[in-house]
Amino acid sequence: MTERIDSVVRSGKVPEEMKVNHKGFSEWNTGGTSKDHHPIVQILIDGKDKGALDSGGNVLPTLVYMAREKRPQYHHNFKAGAMNALIRVSSVISKSPIIMNVDCDMYSNNSDSIREALCFFLDEEMGHKIAFVQYPQNYSNMTKNNIYGNSFSVINQVEFAGLDTWGGPLYIGTGCFHRREILCGRSFNKDYKEDWDQGIKTQHRIDQTEEKAKSLATCTYEHNTQWGNEIGLKYGCPVEDVITGLTIHCRGWESVYNNPPRAAFIGVAPTTISQTILQHKRWSEGNFSIFLSKYCPFFFGHGKIRLPHQMGYCLYGLWAPNSLPTLYYVLIPSLGLLKGTPLFPEIMSPWIMPFIYVFVVKNIYSLYEALTSGDTLRGWWNGQRMWLVKRITSYLYAVIENIRKLLGLSKMGFVVSPKVSDEDESKRYEQEIMEFGTSSPEYVIIATIALLNFVCLVGGLGQILTSGQNMLWNGLLPQIVLCGLLVIINIPIYEAMFLREDRGRIPYSVTLASVGFVMMALFVPIF
C-alpha cells in the first residue's frame, strides 16, 4: 500500500488499473493532496458479512479506511480532529459502546488487553464510575541502559499507579479504552448503566453507509456544534489527550490504570537526542499551556477532583518552568566557583544541612524508584543526564513558546515526532552512543553549558590550589561538588565535541559557537 501511494504521489495521478482494483484510489482526484481533498470512507471488510472469514474460517472484524476532508481554508485540529471524525464515522458503522485508541506507531502485544479492560467496565461495584482504562506506553526498541531516558519506567510503575488511588491516571492519547458516551460529553451519574446492546444491528447497503459516514467527516460538519469543546476530544491544545482526560475527570468520572506483566501495546521510542528533545518540547509545551489556561487543574478541578489528583496533573504541567531553576543551578554556582564567590553556606555551618538533605535524599529516592521499576544503575544515570538536557532545551523552549502565545506572537502547532533513523544512527543507538550529527540551537545550549562547567571547575580549582587559602575550600566545596557532578554527567557531550569522528558527533560549528558563548559568559560581570 505504501509503495502504491508513493508512486501516485510521484506521478501526480492514479493509474486506471489502481482505480479498478482499489476503490479508495478511485476517490482521489487529480488535484487531491494530503492537505486538500474530499472525505473518503471505504468499508474494506464488513463484519456482518457471513462470508468475511479468514483462511482458518474465523469471522473477521469490520475494517474501515477513512480520510477526513481537508481544505486549506479550514483548520483540521490535528490529532484531536482526526479522533473526533473517527468517533462520528464509527457511530454509523458499529456504534459500539467501547472505543480503543492506539497511535499509528504502536501495535497490540497482548490479546487479553481487551478482556481486561472490559472487566473494569463490567465490574459490579466500580464499573459504573469508570470512563476509560489506560495502559502504559511501552517501547520495543529500548536499549539496555535507556540512553535517552525514554523508557518511562518510573512514570509507568510509580506515578501512574499512584494516580490510580486518587481518581485514575491521565489519558495519554494511546493504549486507552474509552466509553463512547463519556467521550461524547456525558456527565457522571451514580445510576449510570452502560447499554451494551446499543450497537447497530440492522444491515444497510455498504454504499449507503459509506456515503452517510462521509458526511460526518467533512470540514464543515463541526461548525456551530460542541465538537472539540463539550463533545469528543478538546481542541486548542498540543496535548489534546491530557486536557480531554482532565475534563472527563472533572465531570465526575474516574479512570483505571492497568499495567499487566506482558505489555498490552508496544511502540517505537525516539532513537536520537533531537527526536527526544522535540517530543518533550511538545509534551511540556502542551502541559504548561494547560496549567496557564482556565483548565489549570487547581482552578478547573477545584471541588471536582481531589487535591492529590490536581497535584498529579500539575506534576507534568510544571515540567516546563523547571527549566528556569535548572538553568540557574547549572550556570550561576559554576561561575561563582570560577570567581571565588561562595553562594552556599560554609560546609561546617548548620545552614548547609537543608541543602545536603534535599540533594542526598532526592537522589537516593530517585535511584530507588528507578531500580525497583526495572532500570539499571547506568540507566538511572543516563536518565539524570537526559532530565538535565530536556530541562535546558525542551522545557526552556516550552516556556518561551507559551509566553509568545500569551503575547499573541505565536499560534498553536502540532509537530509529529519522527521515529525513523538511518542505518548508521540505528547502529550507534544500539551501542548506546549519543546521536547529534546536525547543527541546531539545542546542541549549542547543551555544549555551552557542558563546556562552561568544565572551564569553571578547572579554573576554580586552579585558583584555590594556587592561592593557598584553605578557607576557600570550606566556602566553595558545595559549588565544587555541584560543578564536578555536572562535568561527570556531561562526559558523553565532551566526547561528542572533541573525541569522536563518526557522523553522530557534535559538528565543529556547534563546538565553535559554544566556545564563543563560554568566552562571553566568563567576561560577564555577574559577581
More than 12 heavy atoms of other groups within 6.0 Å of [X] [atom1]:
X: Tyr368; atom1: OH; value: no
X: Met142; atom1: CE; value: yes
X: Phe188; atom1: CZ; value: yes
X: Phe454; atom1: CZ; value: no

Any non-hydrogen side-chain atom of [X] less than 4.5 Å from a side-chain atom of [Y]?
X: Arg385; Y: Pro492; value: yes
X: Pro97; Y: Arg179; value: no
X: Ile273; Y: Val389; value: yes
X: Leu451; Y: Val518; value: yes
X: Leu183; Y: Thr244; value: yes
X: Ile172; Y: Phe160; value: yes
X: Ser440; Y: Val444; value: no
X: Phe177; Y: Ile114; value: yes

Look at the rings of [X] and [Y] and say which category their plane angle falls in: under 30° parallel, 30 to 60° tilted, over 60° perpendicular.
X: Phe355; Y: Phe344; answer: perpendicular
X: Tyr395; Y: Trp319; answer: parallel
X: Phe288; Y: Phe291; answer: parallel

Determine all donor-acceptor pairs shorter than 3.5 Å in which one atom belongs to a side chain in residues 118-131; sequence neighbours excluded.
| unit_1 | atom_1 | unit_2 | atom_2 | d |
| --- | --- | --- | --- | --- |
| Asp123 | OD2 | Glu125 | N | 3.0 |
| Asp123 | OD2 | Met126 | N | 2.7 |

Could you check whether [X] pairs with [Y] (Lys NZ or Arg NE/NH1/NH2 to Asp/Glu carboxylate O, under 4.0 Å)?
X: Glu401; Y: Arg404; result: yes
X: Lys79; Y: Asp103; result: yes
X: Glu495; Y: Arg500; result: no
X: Arg115; Y: Asp112; result: yes

Any idea which heavy atoms bring Gly504 and Glu435 closest together, and the distance? CA-OE2, 3.3 Å
Which atom of Val268 lies closest to which atom of Asn141, heavy atoms considered: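 Smallest interatomic distance, heavy atoms only, reads CG1-ND2, 3.4 Å.
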Taking atom types as modelled, find out whether [X] and [Y] have a side-chain donor-acceptor pair closer than 3.5 angstrom.
X: Arg428; Y: Thr272; answer: no
X: Asn287; Y: Tyr316; answer: no
X: Tyr235; Y: Asn84; answer: yes
X: Asn150; Y: Thr276; answer: yes

At what distance, to the nearest 0.5 angstrom, does [atom1] of [X] lie from [atom2] of [Y]?
X: Thr143; Y: Arg378; atom1: OG1; atom2: CZ; value: 9.0 Å
X: Ile243; Y: Ile290; atom1: CD1; atom2: CD1; value: 4.5 Å
X: Asn453; Y: Leu485; atom1: CG; atom2: CG; value: 10.5 Å
X: Ser284; Y: Ile277; atom1: OG; atom2: CD1; value: 11.0 Å
X: Ser94; Y: Ile99; atom1: OG; atom2: CD1; value: 8.0 Å
X: Arg503; Y: Thr438; atom1: CZ; atom2: OG1; value: 11.5 Å

Apply side chain to side chain contact (heavy atoms under 4.5 Å, CB included) to residues Ser255 and Gln134 and explain how you reach the verdict. CA-CA 7 Å; Ser255 58; Gln134 180 66 64; 5.9 Å; no
Tell me, with the steps shown, if Leu337 and Leu482 meet side chain to side chain contact (heavy atoms under 4.5 Å, CB included). CA-CA 10 Å; Leu337 172 63; Leu482 178 59; over 6 Å; no
Show, in sequence, the C-alpha distance, side-chain angles and deciding distance for Glu240 and Lys234, and conclude whether the salt bridge (charged side-chain N to carboxylate O under 4.0 Å, His left out) test is met. CA-CA 6 Å; Glu240 71 297 316; Lys234 282 191 168 291; over 6 Å; no
When you measure from the side chain of Gln310 to the backbone of Ile305, do you find a donor-acceptor pair of N or O atoms at a distance under 3.5 Å?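 At least one qualifying donor-acceptor pair exists.
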Between [X] and [Y], is the gap from one ring center to the other below 6.0 Å?
X: His302; Y: Phe298; value: no
X: Phe265; Y: Tyr107; value: no
X: Trp253; Y: Tyr192; value: yes

ring-ring contact (aromatic ring centres under 6.0 Å, His included) partner of His249, chosen from Trp166, Tyr171, Phe300, Phe132: Phe132
